[in-house]
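Right, one structure below, let's go through it.
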Amino acid sequence: MALTKSERRLRIRRRIRKVVTGTAQKPRLSVFRSNKEIYAQLIDDVNQVTLMSFSSRNKELEGATGTKSDKSFQVGEGIAKLAMDNGITEVCFDRGGYLYHGRVKQLAEGARKGGLKF
């Protein structure tokens with residue numbers, strides 16, 4: 001029985017979430033990728049609260065041009081800037097079941113360039 005893409009992604013996502021958890025000091029950097037946009041959240045799993053979020057739909061990126069990968073890099077830099085402003089320097093990266101290449105990789109590299117460690 002063949003799995004659909006979404007079923008496969010959910011299976012991988014559950015496998016990742018068994019291992020990756022975030023705390024207030026070291027939150028989980030969760031990535032969601034739609035066909036057009038990309039979203040990043042910093043999540044404290046202990047208290048079950050989203051600390052901050054940034055996406056390609058934010059006002060700072062409204063006039064941004066370039067490819068979706070370029071925007072993903074900018075989202076990574078944006079979430080890193082928000083985290084640094086709030087005293088967070090280290091995160092756990094949760095790729096959300098997506099393969100680590102393309103836009104997900106660009107977001108991670110942008111976050112690293114912005115100063116986050118993971």
Query raised in the report: Considering only heavy atoms from C-beta outward, does the side chain of Pro27 approach that of Ile43 to under 4.5 Å?
Result: no

Query - Flag side-chain contact, heavy atom, 4.5 Å: Ser55 against Asn58 - result: yes

Query raised in the report: What is the distance from atom CZ of Arg57 to atom NZ of Lys36, rounded to the nearest 0.5 Å?
Result: 9.5 Å

Report task. Look at the side chain of Asp70 and the backbone N and O of Thr67, then say whether any donor-acceptor pair between them is shorter than 3.5 Å. Result -> yes

Query raised in the report: Looking only at atom types and distance, does a side-chain atom of Asn86 sit under 3.5 Å from a main-chain N or O of Ile88, one as donor and one as acceptor?
Result: no

Report task. Say whether, by atom type as modelled, one donor and one acceptor occur between the side chain of Glu7 and the main chain of Thr4 under 3.5 angstrom. Result -> yes

Query - Residue list, side chain to side chain contact (heavy atoms under 4.5 Å, CB included) with Ser34, at least two apart or on another chain - result: Phe32, Glu37, Tyr39

Query raised in the report: Between the side chain of Arg9 and the main-chain N/O of Gly96, is any donor-acceptor distance below 3.5 Å?
Result: yes

Report summary line: Between Lys71 and Gly66 the two heavy atoms that sit nearest each other are CE-O, 4.1 Å

Query raised in the report: If you take all heavy atoms of Ser69 and Gln106, which pair is closest and at what distance?
Result: O-CB, 3.6 Å

Report summary line: Scanning both residues in full, the closest heavy-atom pair of Val91 with Lys26 reads O-CE, 3.7 Å

Report task. For Lys68, enumerate each residue passing the salt bridge (Lys or Arg N to Asp or Glu O under 4.0 Å) test, keeping only those at least two apart in sequence or located in another chain. Result -> none

Report task. Go through the steps for Thr21 and Arg28 under the test side-chain contact (heavy atoms from CB on, under 4.5 Å), then give the verdict. Result -> CA-CA 6 Å; Thr21 56; Arg28 175 168 55 99; over 6 Å; no

Query raised in the report: Is there a path of hydrophobic side-chain contacts, each under 4.5 Å between heavy atoms of I, L, V, M, F, W or Y residues, that connects Leu61 with Leu29?
Result: yes

Requested in this report: Would you please test Tyr98 and Ile12 for side-chain contact (heavy atoms from CB on, under 4.5 Å) and show each step?
Outcome: CA-CA 8 Å; Tyr98 303 108; Ile12 294 168; over 6 Å; no

Query raised in the report: Is a side-chain N or O of Arg8 found less than 3.5 angstrom from the main chain of Arg11, in a donor-acceptor match?
Result: no

Query raised in the report: Under a 4.5 Å side-chain heavy-atom rule over Ile, Leu, Val, Met, Phe, Trp and Tyr, are Val104 and Val20 clustered together?
Result: no

Query raised in the report: Which residues pass the salt bridge (Lys or Arg N to Asp or Glu O under 4.0 Å) test with Lys105, sequence neighbours left out?
Result: none

Query raised in the report: For Ala24 and Leu51, which heavy atoms make the closest approach, and how far apart are they?
Result: O-CD1, 4.4 Å

Report task. Report the C-alpha separation of Gln41 and Phe54 in whole Å, then their side-chain angles, then the decisive distance to 0.1 Å, and conclude whether the side-chain contact (heavy atoms from CB on, under 4.5 Å) test is met. Result -> CA-CA 6 Å; Gln41 293 181 336; Phe54 199 87; over 6 Å; no

Query raised in the report: Mind checking whether Ile16 and Asp94 have side chains closer than 4.5 Å, heavy atoms only?
Result: yes

Requested in this report: Please list, chain by chain and in numerical order, all residues satisfying salt bridge (Lys or Arg N to Asp or Glu O under 4.0 Å) with Arg95, sequence neighbours excluded.
Outcome: none

Report task. Could you grab the distance from atom CD1 of Ile38 to atom OG of Ser72, nearest 0.5 Å is fine? Result -> 3.5 Å

Query raised in the report: Taking only residues two or more places apart in sequence, or in another chain, which ones meet Asp44 in a salt bridge (Lys or Arg N to Asp or Glu O under 4.0 Å)?
Result: none

Cut-off 3.5 Å, no hydrogens considered: what does the side-chain donor-acceptor table look like for residues 107-118, sequence neighbours left out?
unit_1 : atom_1 : unit_2 : atom_2 : d
Arg112 : NH1    : Tyr100 : OH     : 3.2
Lys113 : NZ     : Glu77  : OE2    : 3.2

Query raised in the report: Yes or no on side-chain contact (heavy atoms from CB on, under 4.5 Å) for Leu42 and Thr50, after CA distance, side-chain angles and deciding distance?
Result: CA-CA 6 Å; Leu42 290 178; Thr50 298; over 6 Å; no

